[in-house]
Amino acid sequence: MTTPRISLLGTSALLFEAPGAFDLPHQRRIWSLAAMASKWQGIREAIPGITNLMLTFETPPRELDTLIAALNDGWDAAEGLAIGGREIRLPVTYGGEIGASLQSVADHCGLSVDDIVSIHAAPLYTVFALGSHPGYCYLGGMDPRITMPRRQTPLQRSAGGSVSIGGSQTGVSASPGPSGWHAIGHTTWTFFDPSRPTPAALAPGDTIRFEIKRVIR
Amino acid sequence: MIEILSVTGPASVQDLGRFDQYRFGVGTSGAMDDVALRVGNIVLGNDENAAGIEIPMTPFKLRFGRDMAFALTGAGVEAEIAGRAIPPWWRLHARAGDILNIKAMSCGARSYLTVSGGIDVPVVLGSRSTQFRGEFGGLHGRPLLPGDSLPCTASTTTIGELGIEPADITLARSNAAADETIVRVVIAGEYDAFDAATQELFWSSSWKITPQSNRYGYRLQGPAVKPKAPIEKRSHGIVPGVIQIPPNGQPIIQMRDAQTSGGYPKIATVIRADLWRVGQARLGGRLRFEQTAYADALAAEDGMSAYLDRLRTNVRLVEEIRTCR
């Protein structure tokens, strides 16, 4: 993919997918484009995903050409927006009942359980985007050696606090719910509080470091 | 005040939804049949976004704590108030102590109870809708239980009984079959990743609605629809109505409590003018998809607006005639 892809989500939203790698420089341009697009007329929200951007409509535009051109121009013009976030440390228990997929991820990747744990806990991850469920953070920076495709059939219920891998991404669920990802561990932390004006604890640009608290083999 | 006496299934307080919190991972929630909720509010002279009770299963019983006007819309139900049978899509007046008993649901999947002034639970992040996963909104962020008391801002004005033209009759599709719900969809990002024969299979199949279908999503069963090659997408925003195809080839329609993002390939999106029809489709029932262009999807929304406009006018006229007498 060398040019952006723009597709419709019915009549209530539109998806812009940036060309290029899943990395921080591209994500910074997405943050910049989101800041721009959130001010456009008729746009309710501009929601960054992983090197992509969803725009939800206040009122669906009658014709889409102007909006599509604005997105393409905006992407070309977007300088990376560097957000200086805060860093949090999250102690993780790898494996066990909640992290029951640790062994199958190891098998899939042809690595040992200890390798998976140390590779997963090594990087400083950046919060690329929020989504999925209240307070959930998509993280960038996972080592591609521990990539594992999403589930054939999503689980109807996965535990809150589970640390999971889905494709080339990782994240920590903020509450129990359905999931198509593979849980390799768990943590306890409050990611979301609806009584706060900004209900999510973390924002794009913040960073997370996982600390190995325990490994249950 | 309203007291819940008995509940079957996850009944909840819902308004039209929470639409501007996606960036925090918060989905819309809101009534699965937003047309029925809107109509229930229009006939009571409420704000159309006032909260009502979504009732997905029967029997369901409640007691009115004081005199108030209310309406029942949505699914076809057998209901009684103070022992007297009332039809669905009906507005009437309850007296303090009256018991409303919704005994059975003969067609449709969700009934809506609206009351004059609305259910007065606190507004959380811009809406009164229950957010099950986040455990907030509605009544304590959870389904209703026997013994629950729901605050109402009911006005004491007495308004007369009124029947309303049901949306499923007025907005019926001319090609609809009795045992199948036809919904219009706009193709989505990965449609072209499916070959022509598979695309045809998607359009021509009559999809069975499995028991694993709820406010989060409708999981369908039919022939496997698989892309030319497996697709792992980077996570991106999705909205209610998006039809994802997980690797097993069985479509999932994202509904009001869906996640706000996902990565499975998307073949199409149910248009807003038809999403309520999915919300009223029953488990074990069948769905068929019909391809629609974006412009026609907008026109379909205009059709829905015309129905609601006519209803607003009629309700106003009825009140004026009453006042003249």
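The chains referred to below are lettered A, B, ... by the order of the sequence lines, with proteins before strands, and numbering in each begins at 1.
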Nearest 0.5 angstrom please: [X] [atom1] to [Y] [atom2], how far?
| X | Y | atom1 | atom2 | result |
| --- | --- | --- | --- | --- |
| A/T11 | B/D296 | OG1 | CG | 12.0 Å |
| A/S7 | B/Y191 | OG | OH | 14.5 Å |
| B/R133 | A/S132 | CZ | OG | 5.5 Å |
| B/F19 | A/E45 | CZ | CD | 11.5 Å |
| A/R150 | B/E232 | CZ | CD | 5.0 Å |
| B/Y22 | A/L55 | OH | CG | 12.5 Å |

A/P61 side chain reached by B/Y294 side chain, heavy atoms, under 4.5 Å: yes

Side-chain heavy atoms of A/P194 within contact of B/Q131, under 4.5 Å: no

Heavy-atom distance under 4.5 Å to chain A: side chain of [X], backbone, both or neither?
| X | answer |
| --- | --- |
| B/F24 | both |
| B/Q21 | both |
| B/N214 | side chain |

Under 4.5 Å, counting heavy-atom pairs only, tell me which of [options] racks up the most with chain B.
| options | answer |
| --- | --- |
| A/G167, A/G49, A/G166, A/S175 | A/S175 |
| A/S179, A/P199, A/A200 | A/P199 |
| A/G135, A/P176, A/A174, A/G180 | A/P176 |
| A/L15, A/I6, A/L202, A/T56 | A/L15 |

I'd like to know which of [options] tops the heavy-atom pair count under 4.5 Å against chain A.
| options | result |
| --- | --- |
| B/E135, B/R272, B/Q250 | B/R272 |
| B/V270, B/I238, B/I252, B/T292 | B/I238 |
| B/Q212, B/R184, B/K266, B/E190 | B/Q212 |
| B/A297, B/P246, B/G263 | B/G263 |

Write down the atom of [X], the atom of [Y], and the distance for their closest heavy-atom approach.
| X | Y | answer |
| --- | --- | --- |
| A/H133 | B/T260 | N-OG1, 4.5 Å |
| B/Q259 | A/P178 | NE2-O, 2.7 Å |
| B/R23 | A/L130 | O-CB, 3.3 Å |
| A/A13 | B/V239 | CB-CG1, 3.8 Å |
| B/G262 | A/Y138 | N-OH, 4.4 Å |
| A/T153 | B/R219 | CG2-NH1, 4.0 Å |

Which bit of [X] is near chain B, if near means a heavy-atom gap under 4.5 Å: side chain, backbone, both or neither?
| X | result |
| --- | --- |
| A/L53 | neither |
| A/P154 | both |
| A/L9 | both |
| A/Q152 | both |
| A/T51 | side chain |
| A/F192 | side chain |
| A/R196 | backbone |
| A/I47 | side chain |

A/R145 atom CZ, over 12 foreign heavy atoms within 6.0 Å: no

A/E97 atom CD, over 12 foreign heavy atoms within 6.0 Å: no

Polar side chain donor-acceptor pair, B/S235 to A/Q169, under 3.5 angstrom: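 Yes, because at least one side-chain N or O of B/S235 sits under 3.5 Å from a partner of the opposite role on A/Q169.
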
Side-chain donor or acceptor of A/R5 paired with backbone N/O of B/G189 under 3.5 Å: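 Present.
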
